[in-house]
Visitor: 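Submitted below is the structure of interest, expressed as structure tokens.
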Amino acid sequence: MTHRRLASVLIANRGEIACRVIRTARRLGMRTIAVYSDADRDALHVALADEAHCIGPAPAADSYLRIDRILEAARASGAESIHPGYGFLSERPDFADACAQAGIVFVGPPASAIRAMGLKDAAKALVAEAGVPVVPGYHGARQDPDFLAAEAAAIGYPVLIKAVAGGGGKGMRRVEGPEGFADALASAQREAQNAFGDPRVLVEKYVLSPRHVEIQVFCDAHGNAVHLFERDCSLQRRHQKVIEEAPAPGMPDEVRAAMGRAAVEAAKAVGYVGAGTVEFIADGREGLRVDGFWFMEMNTRLQVEHPVTEAITGHDLVEWQFRVASGETLPVDQAGLAIHGHAVEARLYAEDPDHGFLPSTGPLRALRLPEGEGIRVDTGVRAGDRVTPFYDPMIAKVIAHGATRDEALDRLAGALGRTLVAGPKSNVAFLKALAEAEDFRAGRFDTGFIDRDLGALTAPSPHRDAAIRAGIRVLVARENPARAGSPWDAADGFQLGEARHQAFPFVLEGEPAEAGLRWGAPGLNVEYGTDGPEPASLTVIDAPNGVLVLAEGRQIALAPPDPFAVDLDHIDQGGTIKAPMHGRLVAVLVAPGDKVVRGQRLAVVEAMKMEHALTAPSDGTVAEVAAEAGQQVAEGARLITLTTEDAA
Ligand code: ADP
């Protein structure tokens, strides 16, 4: 057979996966075409591509999910093929169909295969027929609560209710016993209706001590099919993968062979072509066993965690995708594939582990991604880019490869230790704690591992107070360059009061806080929290409103005091405005009898070369001014009295 390599590809995606696809396409000599939303005009994937087309406003529904606009960009650019990446349109059979109708090669499976695997219940029935084990359960059409409750009882508790149209863990409920079934069913159906517009569920046995083990499969259009071994994705939080590895720890050869065979059978059952992943759930109570794994679903696309498979097999899966899409046969057969060493991937996210892992957005003020032996980083952002609320807030995937699992995990932990993300909060410290967790290292884990150990995995660093002290030092130096070394160097006769000690109010993560500053022969000593050594890694970065302290993968934001907040603290019921600290009154901006409005600046106090504006807490009239500009004032000294509207 003769094959013509595809000359060009449009990547219908963004972020790290768009960049990753572009890299291989470029190496294969293909012209690369990016699409982008208004929010991604300056994104890395746009910069990397040979050309780029805007496809609409920021919300994905108006851009990355618009089949018409993407096909328009493909026609305008003369793209010969479209790679969908993962997410967005990658598992939409109508998109694959639309590409075919437009005469563009869809780099993915036939629409019929996507359709067949799209609904969990139908997919299960189909692969069960092909002899693949599926989790015992009810995967049928009846949805009345009494019937499903009876099925649950027959399956035996605990059971798992799953949305038929499910994905991303939505519409999923574990039920411990009959008493909780009705409520769990109603809420799963509600969630499924909201998320997928389809309330139907299936009920299956909840596998105990579950391990998520998936098989990478590849098929060409000539009837060849292979598997590229397994990935273990059991480290999950709320059913979402956090760390993935290949091969699976403790995988016996015969179980690997049986799973691989089952996965290839499942793919063949739907006439699969291209890259796909067959996900199994395994009972991990007594290790992985030939009779202890069941089909969950097939993902008909490239997966986020494909790099660990690339690392252990030495094959570029995106290259394979292009070869298969252009009609070539698979480059190797099963016997030609082998596992080399061990690989682990961690998903680095802009999210806040201290607040329920909520996405954390904003500009990346600094970004240092790790390099090193056996380390690969796939990213779609650079320092200065903005993490927006519109898309998945993944910053990068950090992949470590080593001769052994221990070496791979050591390299991963080391790489995470060298990673720095400033601006949005990130999960670096959490990932590093996972890579170092004793039970995980020993291979004692299942999908409940993270949730069980969440407290320890997200525990605050014992070096937090020391990190804050370091941040305060920078904050003081920045606001007060002449004074940072020693107050005695300065020639302006500035006095800090007899104790050479000063209260230093500041804002810690948005909350008012206070430290002590003490000046001595060696310079400034900051008093805050519990004494202790500084963290192993410490970087302080300037931010427009203060500093960001990066310590051991965690970020702490410090800011100078908010003048409004200070004022409110120093105003009593009678409308007396007091000096917030020892210092010099540099300006008095009002006189008795003046009418003032809330927020108006009344006076300015300077301490530590920082100016603190004192503003009116409410509308009112100046009754008295008790100090003069130029005068030294003590903390708490009465400066101005207002007659406020409420007091009057
Ligand atoms: P989704 O498509 O919503 O991500 P999946 O069917 O892929 O849902 O399941 C996601 C995760 O839920 C699995 O990785 C596993 O951790 C857990 N899970 C799924 N089915 C079972 C089951 N029968 N027993 C125990 N855990 C399960």
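The basis for the numbers below is simple: all heavy atoms, side chains too, and nothing from hydrogens, waters or symmetry mates. Order of appearance sets the numbers: ligands from 1, and atoms from 1 within every ligand. Predicted model, so just to flag it, every value in this text is computed and none were measured.
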Visitor: Can you spot which of I339, I215, L288 makes a side-chain contact (heavy atoms from CB on, under 4.5 Å) with R256?
Guide: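 So the option named by the test is I339.
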Visitor: Could you check whether the rings of F218 and W320 sit parallel, tilted or perpendicular, using 30° and 60° as the cut-offs?
Guide: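 F218 and W320: perpendicular rings.
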Visitor: List for me each residue that meets side chain to side chain contact (heavy atoms under 4.5 Å, CB included) alongside A130, sequence neighbours excluded, and say none if there are none.
Guide: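 For A130 the side chain to side chain contact (heavy atoms under 4.5 Å, CB included) partners, ignoring immediate neighbours, are A269.
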Visitor: For a side-chain contact (heavy atoms from CB on, under 4.5 Å) check, start with the C-alpha distance between V255 and D253, then their side-chain angles and the critical distance, and finish with the verdict.
Guide: CA-CA 6 Å; V255 180; D253 286 342; over 6 Å; no
Visitor: How would you list, by chain and number, every residue that makes a side chain to side chain contact (heavy atoms under 4.5 Å, CB included) with E191, sequence neighbours excluded?
Guide: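 E191 satisfies side chain to side chain contact (heavy atoms under 4.5 Å, CB included) with K170, R173 once adjacent residues are dropped.
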Visitor: Report the residues that fulfil side chain to side chain contact (heavy atoms under 4.5 Å, CB included) with V105, sequence neighbours left out, ordered by chain and then residue number.
Guide: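 So V105 forms a side chain to side chain contact (heavy atoms under 4.5 Å, CB included) with L6, S81, A325.
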Visitor: Within the protein, flag every N or O under 3.5 Å from an N or O of ligand 1, and note the pair and distance.
Guide:
residue: ligand 1; atom: 2 (O); partner: K120; partner atom: NZ; Å: 2.7
residue: ligand 1; atom: 2 (O); partner: E297; partner atom: OE2; Å: 3.1
residue: ligand 1; atom: 3 (O); partner: G167; partner atom: N; Å: 3.3
residue: ligand 1; atom: 3 (O); partner: G168; partner atom: N; Å: 3.2
residue: ligand 1; atom: 3 (O); partner: G169; partner atom: N; Å: 2.6
residue: ligand 1; atom: 4 (O); partner: G168; partner atom: N; Å: 3.4
residue: ligand 1; atom: 4 (O); partner: G169; partner atom: N; Å: 3.4
residue: ligand 1; atom: 6 (O); partner: K120; partner atom: NZ; Å: 2.9
residue: ligand 1; atom: 6 (O); partner: K162; partner atom: NZ; Å: 3.0
residue: ligand 1; atom: 7 (O); partner: E279; partner atom: OE1; Å: 3.3
residue: ligand 1; atom: 7 (O); partner: E297; partner atom: OE2; Å: 2.9
residue: ligand 1; atom: 8 (O); partner: K120; partner atom: NZ; Å: 3.1
residue: ligand 1; atom: 12 (O); partner: H239; partner atom: ND1; Å: 3.2
residue: ligand 1; atom: 14 (O); partner: H212; partner atom: ND1; Å: 2.7
residue: ligand 1; atom: 14 (O); partner: Q236; partner atom: OE1; Å: 3.4
residue: ligand 1; atom: 14 (O); partner: Q236; partner atom: NE2; Å: 2.8
residue: ligand 1; atom: 16 (O); partner: Q236; partner atom: OE1; Å: 2.7
residue: ligand 1; atom: 20 (N); partner: K162; partner atom: NZ; Å: 3.0
residue: ligand 1; atom: 20 (N); partner: E204; partner atom: OE2; Å: 3.4
residue: ligand 1; atom: 23 (N); partner: E204; partner atom: OE2; Å: 2.9
residue: ligand 1; atom: 23 (N); partner: K205; partner atom: O; Å: 2.9
residue: ligand 1; atom: 24 (N); partner: V207; partner atom: N; Å: 2.8

